[in-house]
Amino acid sequence: MAKRTQQIDTLAASRIAGLGCFVLLVLTCLLSNPIAFDNTSAFEFQLPLTAAGGIGLLLGFCACCFVYRMKQLFLDVPLEKIGRFALCLSCGLTASILVRSGLIFDAAPYDLLVGSALESAILLFAAIYWWIILFRLENEELLANTSQSLFCAAIAFLALSLMPQGVSLLVLALGAPLCMTMCMIRLCANGNEIELATKSDGAIDHIDEKHGTHHNVPPIILASIGLSFFVADFIMTAFPISLFPEESPLFSAVVKRPDTSNLAQLNEPALLCCLMVLLFAIILSSIVRHGHFSLSRICPMGFLAIALGYLTFPYHFPGGFPIGIAEAGRIVIAVFAIAATHLYVQKHQLSMRGSIEAALEVMGCIVLAAIIANAFVTALYAWPGFDYLALPLRSVFSGVGIFVLVVLLLGPLPRVYSLVEMKMPEPAEGGSENTLGHVELFAQEYKLSPRETDVLKLVTMGRDVPYIEQELTLSKSTVKTHMRHIYEKCGVSSRQDLLDLIIKGR
């Protein structure tokens with residue numbers, strides 16, 4: 001038991017380190033100053049460069065769909081062999097970063113455009129492999145690892161931005177992809193051990209591929225995620241954070257030079273973005289650790305940050321810090337999309353095939369939102385009558401963006417929460433004592449042990465595994481074992497089915 005616990009802790013460290021490197025590369029793609037040697041050229045071609053990132057996402061998504069639909073690579077290749085493809089992804093990331101920096105060939109702006117498109121495509125393709133590795137985790141564990149990875153990635157990005165550019169480029173082009181690859185290989189090589197440990201801990205197997213039914217992700221979920229990303233992408237497409245050239249009041253005060261826009265390779269929006277990501281990671285980790293996780297706690301944080309960007313940046317705050325906060329909001333929305341998809345997969349007990357299809361559907365909406373935002377901004381800038389500095393346009397721009405965010409929060413998103421999160425039975429009219437009495441009768445009918453009955457009572461109260469561990473002073477594996485025994489005795493395969501059975505028995 002001690003050996004297996006130590007092994008699982010090692011695998012958790014591999015997940016955090018690997019995901020941290022992946023998030024670091026994503027931040028580099030969004031906040032690219034540490035690898036952009038020619039900032040002047042980059043700013044001159046900012047709109048084509050942003051469009052190149054969107055085209056890269058589209059190419060990466062098409063590649064994922066082609067591989068899944070035509071070659072069935074994700075399903076036919078054993079989990080242990082996915083590490084070989086991780087090595088290919090690592091080499092591709094290294095090449096794309098070197099191209100983007102102009103070290104392989106110096107032909108601005110084509111090096112920037114090609115490198116940005118390649119990096120975006122490969123990162124999107126890598127995201128699917130991370131999903132395959134991680135989708136069987138419990139939602140609390142996945143979000144805990146995600147929060148820790150976000151924290152580590154933000155710290156690493158800030159540190160690299162303050163280093164000499166050659167050192168930061170070496171770490172980002174070679175170190176981060178290699179570390180991510182080694183962690184993926186470690187996790188993939190232990191795929192069978194992870195699955196066996198999960199089963200022994202009491203997790204219920206996912207539906208078999210031959211008998212499992214595919215659940216299309218409800219359109220309201222796809223539309224809500226897509227529209228949320230469109231609103232976030234629109235402001236970030238119009239004003240790319242990585243190319244922000246303005247003087248920084250904060251850094252000017254630090255270095256005592258009024259014309260300063262960067263501190264080493266770090267600009268003010270990137271600093272604010274990383275600080276906001278750090279704050280969000282701490283909040284998310286605290287929420288998960290105390291068992292209070294809910295999608296309704298994540299999404300408003302991202303929307304608030306994006307709304308701040310819409311509200312303040314059109315009126316030109318010096319230094320551009322609202323754009324950094326809005327970029328952090330887009331990252332929070334990405335975490336919301338991951339959590340919503342994972343909860344949906346868990347709720348419907350989807351197999352690997354079904355989970356990949358659900359992930360591809362959500363990913364398709366995100367890519368579509370980015371493409372539409374790019375096209376819309378390009379059309380605006382190409383319109384001869386467009387003058388963003390005009391006060392009426394600035395007011396309309398910020399007002400419409402905030403209005404859409406408010407409509408999403410009050411309209412479709414509550415419906416999304418109810419569709420993906422587990423629903424707990426409401427207390428009986430007689431109060432909680434009647435509910436607990438009914439649970440005891442239910443436990444006697446299905447011959448549950450006293451400890452299993454204690455666990456069942458907390459489950460019907462809406463408590464999750466971390467809370468049950470603390471309340472009953474049990475280990476996580478013991479709680480899951482009790483849950484597995486309850487499922488077997490009651491003839492169900494998920495928590496939602498168990499709660500439905502309890503309600504029907506009233």
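Just so you know, residue 1 is the first one in the sequence shown, and it goes up from there. No hydrogens, no waters, no symmetry mates; every other heavy atom, side chains included, goes into these values.
- Once rounded to the nearest 0.5 Å, the distance linking CD of Glu357 with SG of Cys65 reads 10.5 Å.
- Contact record, Ser147 with Leu284: CB-CD2, 3.8 Å, taken as the closest heavy-atom pair.
- Using a 4.5 Å cut-off on side-chain heavy atoms (C-beta onward), Phe303 and Leu413 make contact.
- Minimum heavy-atom separation, Leu113 to Ala52: O-CB, 3.6 Å.
- Exactly one residue among Asn374, Val404, Val400, Leu380 makes a side chain to side chain contact (heavy atoms under 4.5 Å, CB included) with Phe234. That residue is Leu380.
- Put simply, the side chain of Ser285 never gets that close to the backbone of Ala281: no donor and acceptor are under 3.5 Å apart.
- The side chain to side chain contact (heavy atoms under 4.5 Å, CB included) check on Leu368 picks up Ile372, with sequence neighbours excluded.
- No donor-acceptor pair closer than 3.5 Å links the side chain of Ser286 to the backbone N or O of Ile283.
- Residues Ile225 and Ile333 have side chains not in contact (no heavy-atom distance under 4.5 Å, counting atoms from C-beta outward).
- Contact annotation: the side chain of Leu30 approaches that of Arg330 to within less than 4.5 Å [non-hydrogen atoms, C-beta and beyond].
- Remark: the backbone N or O of Leu360 is not paired with any side-chain donor or acceptor of Trp131 at under 3.5 angstrom.
- In this structure, Glu119 CD and Thr28 OG1 are separated by 7.0 Å, a value rounded to the nearest 0.5 Å.
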*asked:* Before you tell me yes or no, could you show the steps for Val345 and His342 under side chain to side chain contact (heavy atoms under 4.5 Å, CB included), namely the whole-Å CA-CA distance, both residues' side-chain angles and the distance that decides it to 0.1 Å?
replied: CA-CA 5 Å; Val345 168; His342 191 257; 5.6 Å; no
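- No side-chain heavy atom of Gln148 sits under 4.5 Å from any side-chain heavy atom of Arg15.
- With values rounded to the nearest 0.5 angstrom, Leu227 atom CG is found 7.5 Å from Phe230 atom CZ.
- In this view, Ala339 and Leu143, Phe293, Leu295 satisfy the side chain to side chain contact (heavy atoms under 4.5 Å, CB included) rule, not counting sequence neighbours.
- Taking the six-membered ring where the residue is Trp, Tyr417 and Phe336 present perpendicular rings, their angle passing 60° and hence far from 30°.
- A side-chain donor-acceptor contact under 3.5 Å links Glu361 to the backbone of Val217.
- Judged by distance alone, the side chain of Ser168 and the main-chain N or O of Gln165 form a donor-acceptor pair under 3.5 Å.
- By the side chain to side chain contact (heavy atoms under 4.5 Å, CB included) test, Ala153 is found to be paired with Val23, Leu24, Leu27, residues two or more places apart in sequence or in another chain being considered.
- Residues Thr146 and Ile338 form no side-chain contact, since every pair of their non-hydrogen atoms from C-beta on lies 4.5 Å or further apart.
- With sequence neighbours left out, Phe403 forms a ring pair (Phe, Tyr, Trp, His ring centres under 6.0 Å) with no residue at all.
- Contact check for Leu409 versus Leu405: no side-chain heavy atoms found under the 4.5 Å cut-off.
- Atom-to-atom distance recorded for Arg186:CZ and Ile133:CD1 is 12.5 Å, nearest 0.5 angstrom.
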*Does the pair Arg289 and Glu140 meet the rule for a salt bridge (charged side-chain N to carboxylate O under 4.0 Å, His left out), with working shown?*
CA-CA 8 Å; Arg289 185 171 61 252; Glu140 292 84 0; over 6 Å; no
_Residue pair Leu123, Phe22: steps toward the side chain to side chain contact (heavy atoms under 4.5 Å, CB included) verdict_ = CA-CA 8 Å; Leu123 285 174; Phe22 175 77; 3.9 Å; yes
*Please test Asp111 against Arg100 for salt bridge (charged side-chain N to carboxylate O under 4.0 Å, His left out), starting from the C-alpha separation and ending with a verdict.*
CA-CA 5 Å; Asp111 51 356; Arg100 189 178 178 186; over 6 Å; no
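- Closest of all the heavy-atom pairs between Leu150 and Val277 is O-CG1, 3.9 Å.
- Of all non-hydrogen atoms in Phe125 and Gly60, the two that sit nearest each other are CD1-O, 4.2 Å.
- Looking at Ser120, its side chain never comes within 3.5 Å of a backbone N or O of Leu57 through a donor-acceptor pair.
- Between the OG atom in Ser14 and the CG atom in Asn145 there is a gap of 10.5 Å [rounded to 0.5 Å].
- To the nearest 0.5 Å, atoms CG (Leu272) and CG (Leu308) are separated by 9.5 Å.
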*Given side chain to side chain contact (heavy atoms under 4.5 Å, CB included), test Leu25 with Ile97 step by step and report yes or no.*
CA-CA 10 Å; Leu25 292 170; Ile97 292 175; 3.8 Å; yes
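- Nearest heavy atoms, Cys183 versus Ala17: SG-CB, 3.7 Å.
- Scanning both residues, Pro177 and Leu172, for their nearest heavy atoms gives CD-O, 3.1 Å.
- Under the rule for a side chain to side chain donor-acceptor pair (under 3.5 Å), Thr378 has no partner lying at least two apart in sequence or in another chain.
- No side-chain heavy atom of Ile366 sits less than 4.5 Å from a side-chain heavy atom of Asp233.
- For the side chain to side chain contact (heavy atoms under 4.5 Å, CB included) test, residues two or more places apart in sequence or in another chain that qualify with Ile220 are Pro218, Ser224, Pro412, Arg415, Leu419.
- Although no hydrogens or angles enter the test, the distance criterion places a donor-acceptor pair under 3.5 Å between the side chain of Thr94 and the main chain of Ala173.
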_Please determine whether side chain to side chain contact (heavy atoms under 4.5 Å, CB included) holds for the pair Ile331 and Met276, giving the CA-CA distance in whole Å, both sets of side-chain angles, and the decisive distance to 0.1 Å._
CA-CA 10 Å; Ile331 295 171; Met276 290 294 293; over 6 Å; no
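- In this structure, Leu158 and Leu266 have side chains that are in contact, with non-hydrogen atoms separated by less than 4.5 Å.
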